[in-house]
Structures are given as structure tokens and as C-alpha cells.
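Chain letters run A, B, ... following the sequence lines, proteins first, then strands; residues in each count from 1.
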Number of protein chains: 2
Amino acid sequence: MSSKVNLTPQRKAIYDVIRESSDHPTAAEIIERLKVKDLSFAYGTVYNSLRYLTEVGLVHELKLGDAASRYDGNVDEHQHIQCQICGRVDEVFTDVTKEWLNAIAKETDYTVKSHQVILKGICPQCREQ
Amino acid sequence: MSSKVNLTPQRKAIYDVIRESSDHPTAAEIIERLKVKDLSFAYGTVYNSLRYLTEVGLVHELKLGDAASRYDGNVDEHQHIQCQICGRVDEVFTDVTKEWLNAIAKETDYTVKSHQVILKGICPQCREQ
DNA sequence: CGTATATTTAGACTAAGTCTAAAATAAAAT
DNA sequence: ATTTTATTTTAGACTTAGTCTAAATATACG
């Protein structure tokens, strides 16, 4: 395990963009931000790199249901909440309990491997208006 | 509210297929099952109908992250778990607690409107092998 | 150095779903 | 009952997000 991670210049540049972003960018947004830095990689390279970075655990892929995957450079265990109005995504660190996961294993007889909670709501800013 | 639901023949047929299915079919699978009944609607009609049925609350749309949305005729509050090996989707009725949702509202300052938990694991059948 | 392996590139291709404009149905108003 | 208005359906073009392929580059190994 943890065999050396192979960060090619492309992968490194993409990883950098993700870590410099706090808004969980999509692949399209990552491509835009690379362009600002005068970096332009093949379409497929960006997707391959994102898959690679996800596989080696450097980033997390978020599938929030709304079309495009988003990428998160914070790989600590956490969940996300998305504003139904403006679409922004915020982190949630209050996680579900181990007891709850155990109850589900018991109910379903599955071996539970992962859980993702997708919360939707109204963010403070949008609520003001 | 609850103004009368307008179930055209197409919408009714699609709703029937969903209720007769216990495996949370995708739009493509619904189209297949309609074909078995010698019903063939325009591509767009199926999607429009699915959106309509979802909006009026007769079915639930599940976005499990893997490409296509699935549709569920059981609109009681519940969650889902998907087998990472065979892809089947089962229901989960052990829901998160109200306290947990309150804690999240407190942490994020969002008004929490909905939550969807996507659990992944290994189903009993796949575990045997 | 020469060969094997891995990665990138450009562009074709796919899957899932939306959009549009015309035709068909249904409902409401003379 | 016929016209007008609103709603739905249809076929097919289009969009978005992403994968696949084959050739070209780059890197690693003996």
C-alpha cells in the first residue's frame, strides 16, 4: 500500500487548483482555473487526473446529484450541504454516529462500506433576501 | 394546494411501471418495461412524466451518483443502500435522528430542507461469493 | 542506449437528459 | 357545437459530462 504517488506536472497542477479552491470546483471549473494560469491540458487528461487523484486519496469526489462531480481537497471525513438557491456547497463536520451505521448493517444485512450524506437547504445569505 | 393531479395515459402508464417495479428502475429501464407492454412514448415524454410525477410527489427520484436517476414508487421517508458489486439498491428505514439534523443546522447556519443518505456496501448475496 | 511502461493528447464517441417547434388533446368560452 | 386557449405529446436536434481510442511523448528499467 501507499506505493509512491506519481504526481506528473499535469496532476500536480490540477491538485494545486483543487487545494487553492474552497468552493469544491467541478472539472469544468478546474479547467477554467488552469487556463487563468496559462495551463491547458487535454480534456481527457483532466478527467484521468481527477480519477487518479481520487483513487490515491488526495482528493474527494462529491456527487451531489446535480450533474457534474465536484472535487474537494479536504479529505478529512466530512459531509456537505448545498444551498438550493445559489448552489454553493459548504462542509459539514457533524457526522452520523457509528451506532446508526451499525443499525443499518443490522437492518439490511449489508456490509456497509461508505456513506455520503447530501443535505440541501437555504444558506444564511440566501435566507436574508 | 394539492390541486388535482393530472394523470394522462402516458403518466399513468409510467407510474404503473414504477409501482410494479421493486428495483428502482432508471428511465431507460422504464422505457424497456413499457415496451414489454407494447407502450412506446417519446423519449422526452418519459422524462417529462418522471419530472411531473416527482414534482407532485407520487414518486421519488434517487440520484445515487452512478449516472442515471432511479425512480421509487415508495414515497415514505426512507434511504437507500447500493451494493458496490452488483449495483442493486435496497431500502433503508433506519433514518438519521432529528437531533442530528438540528446539530447540522446549528453548525452550518443553513435552514436544512432535505437530506439524502447514500450508503454503499456489499449485499448479502455478493458477500457469499 | 534500447526497450518496456506509463502518461498525455486530440478528437471521436456515449449516456443521460433537455429543448424546441409542430401536432395532438383536453378544457374553457363563446 | 364550434372556436379559442391551455396543456401534453412527439420527433428529433442539441447539450452536458464524461469515457474511449490510437498515436505521440515522456519516464523508468535493464
Residues 35-46 of chain B, side-chain donor-acceptor partners within the protein, below 3.5 Å, at least two apart:
| residue | atom | partner | partner atom | Å |
| --- | --- | --- | --- | --- |
| B:K37 | NZ | B:E20 | OE1 | 2.9 |
| B:K37 | NZ | B:E20 | OE2 | 3.4 |

Exercise. Going 5' to 3' through nucleotides 5-19 of chain D, assign each nucleotide B (protein heavy atom under 4.0 Å from a base atom), S (under 4.0 Å only from sugar-phosphate atoms) or - (no protein heavy atom that close).
Key: ---SSBB-----SBB
Using whole Å, what does the distance between atom [atom2] of nucleotide [N] and atom [atom1] of [X] come to?
X     : N      : atom1 : atom2 : result
A:L50 : C:dT7  : CG    : P     : 15 Å
B:E29 : C:dA15 : CD    : P     : 14 Å
B:E55 : C:dT18 : CD    : C1'   : 14 Å
A:L7  : C:dT8  : CG    : C1'   : 15 Å
B:I31 : C:dA15 : CD1   : P     : 13 Å
A:K4  : C:dT5  : NZ    : P     : 20 Å

Practice problem: Supply the atom-to-atom distance B:H115 NE2 to A:K120 NZ, rounded to the nearest 0.5 angstrom. | Solution: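 Going from NE2 on B:H115 over to NZ on A:K120, the span is 13.5 Å.
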Quiz item: So how far is it from B:D72 CG to B:S22 OG, rounded to the nearest 0.5 Å?
Solution: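 Here the interatomic distance stands at 10.0 Å.
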Quiz item: Is the backbone N or O of B:T54 less than 3.5 Å from a side-chain atom of B:E61, with the two atoms forming a donor-acceptor pair by type?
Solution: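 Looks like no, no N/O pair under 3.5 Å.
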Quiz item: Where the side chain of B:S21 meets the backbone of B:H24, is there a donor-acceptor pair that is under 3.5 Å apart?
Solution: no
Quiz item: Got a salt bridge between A:R88 and A:D90, using NZ or NE/NH1/NH2 to carboxylate O under 4.0 Å?
Solution: yes
Quiz prompt | Stems involving DNA chain D, each a run of at least 3 consecutive Watson-Crick or G-U pairs under 3.5 Å | solution = C:1-30 with D:1-30
Quiz item: Taking the six-membered ring of A:Y15, is NZ or CZ of A:R19 closer than 6.0 Å to its centre and within 45° of its axis?
Solution: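 Yes, cation above the ring, under 6.0 Å and within 45°.
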